[in-house]
Trainee: 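I'd like to ask you about the structure that follows.
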Amino acid sequence: MATAIQRDSKKTVFITGANGLLGQKLVNQLLGNDQFYIVASGRGACRLPGEGFEYISLDISDEAEVQKVIAHAAPDIIIHGAAMTHVDECELNQEACYDANVNATAYLVKAAEACQAHFIFVSTDFIFSGEEGPLDESGIPAPVNYYGESKLLGEKMVMRSKTKWAIARTVLVFGIAHDLSRSNIVLWVKSSLEAGKTIQVVDDQYRTPTLAEDLAAGCILIAEQGAEGVFNISGPDFLTPYEMANTVADFFGLNKDLIKRADSTTFTQPAKRPLKTGFIIKKAQEQLGFEPKTFRTAIGILAKQIILARS
Ligand SMILES: NC(=O)C1=CN([C@@H]2O[C@H](COP(=O)(O)OP(=O)(O)OC[C@H]3O[C@@H](n4cnc5c(N)ncnc54)[C@H](OP(=O)(O)O)[C@@H]3O)[C@@H](O)[C@H]2O)C=CC1
Ligand SMILES: Cc1cn([C@H]2C[C@H](O)[C@@H](COP(=O)(O)OP(=O)(O)O[C@H]3O[C@@H](C)C(=O)[C@@H](O)[C@H]3O)O2)c(=O)[nH]c1=O
């Protein structure tokens, strides 16, 4: 536990979902920023490498625990990234999805109001129908799957809250981190092609894929600047998964013949995916100074991390 002096001279930032992809990148970047004292929370034991932060095991679906832990931490800022993020699982187990993505967010908003913390909620392009894209922050939500519905309900609670709030919306996050609960499109394409597996990849969905480090950087810009409102925090390139898969294959010198073009009539998943999403990030660029990497540059960064992780 840090000494009182350390905490007093710094702003306390409380992170939910710290064991996850975004959570690990947030902690990693905040460690290099001496204005913050970091309280990282996650479900169960700490899976984050390294030190220099306080870790608290917290299941955010436990209301009493949330109120107690947040009151004790008395954070200046809460970055709420924890969620049930397996979209198909959310469709098939809607009660668990509601608990993790809606009830838990309500408990955290209530706790944030009690200590007047700046509440930063991480949201998604899946609140939109996918009928048009890319969208700026004025898009009208109309989710097409239960995960999207749950995140939209979270947004509405945050927007109604009685504390300073911001919403960071993002898209198709990719990256590498320790002991993740789920994969992501870049790692999945790379590992499938390396294993010589044929993959069906859709070319009628559009995204602006986001390097996890860039999402973390965007959230930290919001925290540092005390920014309020909705910000699109995603990568700059508007691509189909088919284009992404071919870029990954090109970069790693993998066999592109294994990538079979599909579309939403030939490739379906339990939860419907919005066709055309992706974000216009002009507001975050101009107001926050957010500058994400291009998809290809991001793959290069990921490649170096993969090599480092192996050494
Ligand atoms: N990944 C993506 O493509 C996108 C993500 N987002 C949003 O970004 C945020 C971060 O996503 P990402 O880091 O990729 O997802 P991850 O699944 O990697 O991380 C989510 C974390 O939340 C934790 N969590 C889930 N339920 C609970 C709970 N009841 N109590 C405590 N912790 C819990 C998980 O714990 P455990 O590790 O134990 O499973 C996990 O560590 C989410 O809010 C997501 O909705 C938005 C758009 C795209
Ligand atoms: C598994 C698979 C996916 N895809 C496509 C569908 C989709 O557009 C893209 C990613 O599919 P996945 O099912 O891996 O990921 P998906 O669940 O669509 O990812 C979503 O996660 C949640 C948390 C979000 O908030 C969203 O922004 C989005 O990133 O790749 C294929 O074309 N073929 C495949 O075999």
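None of the values given here were measured: they were computed from a predicted structure. All ligand and atom numbering here is 1-based and tracks the order in the structure. Just so you know, these numbers use all the heavy atoms, side chains as well, and skip hydrogens, waters and symmetry mates.
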Trainee: Check if L58 has a non-hydrogen atom at a distance under 4.0 Å from any atom of ligand 1.
Mentor: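 Contact present.
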Trainee: Should F119 and F231 be regarded as members of a common hydrophobic cluster, given that ILVMFWY residues are connected when their side-chain heavy atoms come within less than 4.5 Å of each other, either directly or indirectly?
Mentor: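 Result: no, two separate clusters.
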Trainee: Please list the nearest protein heavy atom to atom 15 (O) of ligand 1 with its residue and the distance rounded to 0.1 Å.
Mentor: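 Checked against all protein heavy atoms, atom 15 (O) of ligand 1 sits closest to T85 CG2, 3.5 Å.
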Trainee: Hey, looking at atom 24 (C) of ligand 2, which of T124, T208, V201 has the closest heavy atom?
Mentor: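 Nearest heavy atom to atom 24 (C) of ligand 2 lies in T124.
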Trainee: Within ligand 1, which atoms have a heavy atom of L22 less than 4.0 Å away?
Mentor: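 Those qualifying, in numeric order: 10 (C), 13 (O).
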Trainee: Nearest protein heavy-atom contact for atom 37 (O) of ligand 1: which residue, which atom, what distance?
Mentor: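 The closest one turns out to be R47 NH2, 2.7 Å.
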Trainee: Below 4.0 Å from ligand 1: does a non-hydrogen atom of F126 turn up there or not?
Mentor: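 Distance cut 4.0 Å: F126 fails for ligand 1.
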Trainee: Any idea which heavy atoms bring G52 and L31 closest together, and the distance?
Mentor: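 Looks like O-CD2, 3.4 Å.
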Trainee: May I ask you to say whether D250 pairs ionically with K256, meaning some side-chain N is under 4.0 Å from a carboxylate O?
Mentor: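 Answer for the salt bridge query: yes.
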Trainee: Considering only the protein, which heavy-atom contact is closest to atom 33 (C) of ligand 1, and what is its distance?
Mentor: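 Answer, as residue, atom name and distance: A82 CB, 4.0 Å.
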Trainee: Under a 4.0 angstrom heavy-atom cut-off, which atoms of ligand 1 come close to R182?
Mentor: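 Ligand 1 atoms under the 4.0 Å threshold to R182: 1 (N), 2 (C), 17 (O).
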Trainee: What protein heavy atom is closest to atom 10 (C) of ligand 2, reported as residue, atom name and distance in Å?
Mentor: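 I find the closest protein heavy atom is L172 CD1, 3.8 Å.
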Trainee: Just wondering, are more than 12 heavy atoms of other shown residues or ligands nearer than 6.0 Å to NZ in K110?
Mentor: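 No, the 6.0 Å shell around NZ holds no more than 12 heavy atoms from other groups.
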Trainee: State whether the number of non-hydrogen atoms from other residues, nucleotides or ligands found under 6.0 Å of L308 atom CG is greater than 12.
Mentor: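 Counting neighbours around CG of L308, more than 12 heavy atoms of other residues, nucleotides or ligands fall under 6.0 Å, so yes.
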Trainee: Have a look at ligand 1 and work out which part of Y147, if any, has a heavy atom under 4.0 Å from it: side chain, backbone, both or neither.
Mentor: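 Under 4.0 Å from ligand 1, Y147 contributes side-chain atoms alone.
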Trainee: Mark the output for Q24 as yes if a heavy-atom distance to ligand 1 is under 4.0 Å, and as no if none is.
Mentor: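 No, that is not the case, since the closest heavy atom of the residue is not under 4.0 Å from the ligand.
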Trainee: Would you check if L193 and L258 make a side-chain contact, meaning some heavy-atom pair closer than 4.5 Å?
Mentor: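 Yes; the side chains approach each other to less than 4.5 Å.
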Trainee: Does ligand 2 have any atom that is closer than 4.0 Å to a heavy atom of Y147?
Mentor: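 Yes, Y147 has a heavy atom closer than 4.0 Å to ligand 2.
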Trainee: Would you verify whether the NZ or CZ of K276 falls within 45 degrees of the ring axis of Y206 while also being under 6.0 Å from that six-membered ring's centre?
Mentor: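 Yes, K276 lies over the aromatic ring of Y206.
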Trainee: What residue and atom, counting heavy atoms only, is the protein's closest point to atom 4 (N) of ligand 2, and at what distance?
Mentor: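 Looking at atom 4 (N) of ligand 2, the protein heavy atom closest to it is F267 CE2, 3.9 Å.
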Trainee: Just going by heavy-atom distances, which of R169, Q205, R261, Q200 is nearest to atom 7 (C) of ligand 2?
Mentor: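 It is Q205 that holds the nearest heavy atom.
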Trainee: Which protein heavy atom lies closest to atom 32 (O) of ligand 2, and at what distance to 0.1 Å?
Mentor: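 The closest heavy atom on the protein side is V202 N, 2.8 Å.
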Trainee: For the pair E137 and K283, find out whether any cationic side-chain nitrogen is under 4.0 Å from an anionic carboxylate oxygen.
Mentor: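 No, this pair does not count.
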Trainee: Is there any N or O on T85 that sits under 3.5 Å from an N or O of ligand 2?
Mentor: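 So ligand 2 has no N or O lying under 3.5 Å from an N or O of T85.
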Trainee: Measure the CG-OG1 distance between D204 and T266 for me, rounded to the nearest 0.5 Å.
Mentor: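 Interatomic distance, D204 CG to T266 OG1, rounded to 0.5 Å: 7.5 Å.
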Trainee: Decide whether the shortest distance between a heavy atom of I185 and an atom of ligand 2 is less than 4.0 Å.
Mentor: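 Flag set, I185 near ligand 2.
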Trainee: Which protein heavy atom lies closest to atom 35 (O) of ligand 1, and at what distance to 0.1 Å?
Mentor: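 Checked against all protein heavy atoms, atom 35 (O) of ligand 1 sits closest to R43 NH2, 3.5 Å.
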Trainee: Hey, looking at atom 42 (C) of ligand 1, which of G154, A212, S234, G81 has the closest heavy atom?
Mentor: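 Considering heavy atoms of G154, A212, S234, G81, the nearest to atom 42 (C) of ligand 1 sits in G81.
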Trainee: Counting heavy atoms not belonging to D34, are there more than 12 under 6.0 Å from its CG?
Mentor: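 12 or below, so no.
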Trainee: Of the protein's non-hydrogen atoms, which lies at the shortest distance from atom 40 (C) of ligand 1, and what is that distance?
Mentor: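 Going atom by atom, the protein heavy atom closest to atom 40 (C) of ligand 1 ends up being G20 CA, 4.1 Å.
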Trainee: Would you mind checking which non-hydrogen protein atom is closest to atom 11 (O) of ligand 2, with the distance to 0.1 Å?
Mentor: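 For this ligand atom, the closest protein heavy atom is Q269 NE2, 4.3 Å.
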Trainee: Considering only NZ, NE, NH1 and NH2 on the basic side and carboxylate oxygens on the acidic side, decide whether K151 and E155 come within less than 4.0 Å.
Mentor: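 No, this pair does not count.
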Trainee: Within 4.0 Å of atom 14 (O) of ligand 2 (strictly less), any protein heavy atom?
Mentor: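 Within 4.0 Å of atom 14 (O) of ligand 2, no protein heavy atoms are found.
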Trainee: How far is atom 28 (C) of ligand 1 from its nearest protein heavy atom, and which residue and atom name does that atom have?
Mentor: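 Ranking protein heavy atoms by distance from atom 28 (C) of ligand 1, first comes I60 CG1, 3.5 Å.
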Trainee: Do other residues, nucleotides or ligands put more than 12 heavy atoms under 6.0 Å from Q285 CD?
Mentor: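 Buried by this count: over 12 neighbours within 6.0 Å.
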Trainee: Could you see which bit of K151 sits under 4.0 Å from ligand 1, with heavy atoms only: side chain, backbone, both or neither?
Mentor: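 Within the 4.0 Å criterion, K151 contacts ligand 1 through side-chain atoms alone.
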Trainee: Heavy atom to atom 19 (O) of ligand 2, shortest distance: which of R182, R273, K260, M244 holds it?
Mentor: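 Checking each option, the heavy atom nearest atom 19 (O) of ligand 2 is found in R182.
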Trainee: What is the nearest protein non-hydrogen atom to atom 27 (O) of ligand 2, stated with its residue, atom name and distance?
Mentor: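 Here the closest protein heavy atom is D125 OD1, 2.5 Å.
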Trainee: Looking at non-hydrogen atoms alone, which of L21, V173, D62, N101 comes nearest to atom 2 (C) of ligand 1?
Mentor: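 Looking at heavy atoms only, V173 sits closest to atom 2 (C) of ligand 1.
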Trainee: Around atom 7 (C) of ligand 1, find the nearest protein heavy atom and jot down its residue, atom name and distance.
Mentor: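 Going atom by atom, the protein heavy atom closest to atom 7 (C) of ligand 1 ends up being V122 CG1, 3.9 Å.
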Trainee: Residue-level breakdown please: for S123 versus ligand 1, do any non-hydrogen atoms fall below 4.0 Å on the side chain, on the backbone, on both, or on neither?
Mentor: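 Looking at S123 and ligand 1, just backbone atoms fall under 4.0 Å.
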Trainee: Atom 29 (N) of ligand 1: which protein heavy atom is closest, and how many Å away?
Mentor: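 Minimum-distance protein heavy atom for atom 29 (N) of ligand 1 reads D59 OD1, 3.0 Å.
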Trainee: Does an N or O anywhere in T124 fall below 3.5 Å from an N or O of ligand 1?
Mentor: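 Among all N and O atoms of T124, none is under 3.5 Å from an N or O of ligand 1.
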Trainee: Starting from M84, can I reach I127 by hopping between I/L/V/M/F/W/Y residues whose side chains sit under 4.5 Å apart?
Mentor: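 No, I127 and M84 fall in different hydrophobic clusters.
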Trainee: For residues R182 and T85, determine if any side-chain heavy atom of one lies less than 4.5 Å from a side-chain heavy atom of the other.
Mentor: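 Yes, at least one pair of side-chain atoms sits under 4.5 Å.
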Trainee: Given S181, A83, A100, which one has a non-hydrogen atom that is nearest to atom 24 (N) of ligand 1?
Mentor: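 Answer by nearest heavy atom: A83.
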Trainee: Quick one: do Y147 and V158 end up in the same hydrophobic cluster if we chain Ile, Leu, Val, Met, Phe, Trp and Tyr together by side-chain heavy atoms under 4.5 Å apart?
Mentor: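 No, because Y147 and V158 fall into different hydrophobic clusters, even though each may have its own neighbours under 4.5 Å.
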Trainee: What protein heavy atom sits nearest atom 22 (C) of ligand 2, and how far away is it?
Mentor: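 Scanning the protein heavy atoms, the shortest distance from atom 22 (C) of ligand 2 goes to V87 CG2, 3.6 Å.
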Trainee: Does F126 have its ring centroid less than 6.0 Å away from the ring centroid of Y146?
Mentor: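 Ring centroids of F126 and Y146 are no less than 6.0 Å from each other.
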Trainee: How would you list, by chain and number, every residue that makes a salt bridge (Lys or Arg N to Asp or Glu O under 4.0 Å) with E194, sequence neighbours excluded?
Mentor: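 Checked E194 against salt bridge (Lys or Arg N to Asp or Glu O under 4.0 Å); matches are K190.
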Trainee: Of the non-hydrogen atoms in Q205 and R207, which two are nearest, and what is the gap between them?
Mentor: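 So the minimum-distance heavy-atom pair works out to OE1-NH2, 3.0 Å.
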Trainee: For ligand 2 and F126, I'd like to know whether there is a polar contact (N/O to N/O, distance under 3.5 Å).
Mentor: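 In this structure, F126 places no N or O atom under 3.5 Å from an N or O of ligand 2.
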Trainee: Provide the number and element of each atom of ligand 1 under 4.0 Å from a heavy atom of L172.
Mentor: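 With L172 as reference, the close atoms of ligand 1 come out as 3 (O), 48 (C).
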Trainee: Any donor and acceptor pair, going by atom type alone, linking the side chain of D237 with main-chain N or O of F295 inside 3.5 Å?
Mentor: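 Yes: the side chain of D237 pairs with the backbone of F295.
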Trainee: Under 4.0 Å, heavy-atom basis, I'd like to know which part of H86 is in contact with ligand 1: side chain, backbone, both or neither.
Mentor: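 Neither; no heavy atom under 4.0 Å.
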